[in-house]
Amino acid sequence: RAAMNNIQQLTMILNSAADKPSETLIKYFNNCTVNPTDSILKRVENLEHIFKKKFAEAVGQGCAEIGSQRYKLGVRLYYRVMESMLKSEEERLSVQNFSQLLNDNIFHTSLLACALEVVMATYGRNASQSDGASAETDLSFPWILNVFDLKAFDFYKVIESFIKAEPSLTREMIKHLERCEHRIMESLAWQSGSPLFELIKQSKERESQSDQPEPTAT
Amino acid sequence: VQDYHFGLEEGEGISELFDCD
């Protein structure tokens, strides 16, 4: 019943949401120094092909249509959360030009991945409860990171803002995202190739440039 | 939400995390 309630709540939120950027979002896009509209729409389209292909490979071609439905819901949530995030950033920073953020490919891919993770977890939980061996269970986190070739560390960056921007998330979903965070913090962000190592290196370099030479702390 | 541990500091948001001005 809890799983069904989560699905019901999600579809209720997203039934009224649009599959494309709202008027408000378009205004934010138009305010940018470099208008990101085309690249955002193109990215959503490109990632749709990738998502649907990987989904069908995982669950079987017979269930490919489910992948389309999940992606559609994910895109609605992505636009909805993006709008809410930009509104609070506008309030916080008193600026309307978010050109750098809105032209950042990693930001968008991470945000869309997070929206899809919420959708997949909402439905996946239901599937795994009714059928322990369900193929859908295999699509749980960090599956989405591999699909979009996304670094766990980058995905981590959107989670907290996502939770703040979407007040309708169920308690269960917040807990799920928190579990994803913990997994990233404890292991995924420390795998080879993670951007975290380069950031630590840069931070150390800045430290050694600005400070007097001091013995390195453990 | 009350159980969630927020890590961003006061006055910090998504813009800072993606190195935006």
Side-chain angles (χ1 to χ4, degrees), chain A residues 28 32-33 36 81-82 84-111 114 153-182 184-185 195 199 202, chain B:
Chain A
Y28 280 116
C32 289
T33 316
V81 170
M82 195 195 310
S84 168
M85 266 183 188
L86 292 173
K87 280 180 183 164
S88 43
E89 285 299 86
E90 181 182 354
E91 211 169 286
R92 186 174 69 86
L93 300 166
S94 304
V95 292
Q96 290 173 329
N97 183 346
F98 294 102
S99 195
Q100 202 175 331
L101 183 67
L102 291 175
N103 280 289
D104 189 321
N105 178 44
I106 292 176
F107 162 69
H108 286 289
T109 311
S110 303
L111 190 59
C114 196
F153 180 74
D154 290 320
F155 180 82
Y156 184 95
K157 291 196 269 184
V158 300
I159 298 177
E160 180 170 336
S161 301
F162 192 101
I163 291 171
K164 282 182 179 165
E166 184 48 82
S168 307
L169 281 182
T170 60
R171 185 188 158 93
E172 189 112 351
M173 237 356 86
I174 293 171
K175 283 195 164 195
H176 173 75
L177 290 175
E178 200 173 21
R179 278 194 294 272
C180 296
E181 270 192 341
H182 289 165
I184 295 170
M185 214 185 312
L199 287 168
Q202 283 172 13
Chain B
V1 180
Q2 64 261 37
D3 296 334
Y4 178 77
H5 171 77
F6 287 102
L8 286 175
E9 291 187 13
E10 189 82 15
E12 252 186 350
I14 193 80
S15 303
E16 282 83 359
L17 295 183
F18 283 89
D19 291 325
C20 300
D21 293 331

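Only this structure's heavy atoms are used, side chains among them; waters, hydrogens and symmetry mates stay out. Quick note on labels: first sequence line is chain A, next is B, and so on, each numbered from 1.
One finds the OG atom of B/S15 at 9.5 Å from the CE atom of A/M85 (value rounded to the nearest 0.5 Å). Taking CG from A/D104 and CG from B/L17, the interatomic distance works out to 11.0 Å, rounded to the nearest 0.5 Å. In this structure, CD1 in B/I14 is found 11.5 Å from CE in A/M82, a value given to the nearest 0.5 Å. To the nearest 0.5 Å, the span separating CD on B/E16 from NZ on A/K157 amounts to 12.0 Å.
Nearest approach of B/F18 to A/D154, heavy atoms of both residues: CZ-O, 4.2 Å.
For A/Q202, the CD atom sits in a packed shell: over 12 heavy atoms of surrounding residues, nucleotides or ligands are nearer than 6.0 Å.
With a 4.5 angstrom heavy-atom cutoff, A/I106 touches chain B via backbone and side-chain atoms both.
A donor-acceptor pair under 3.5 Å links the side-chain atoms of A/E160 to the main chain of B/G7, judged by distance alone.
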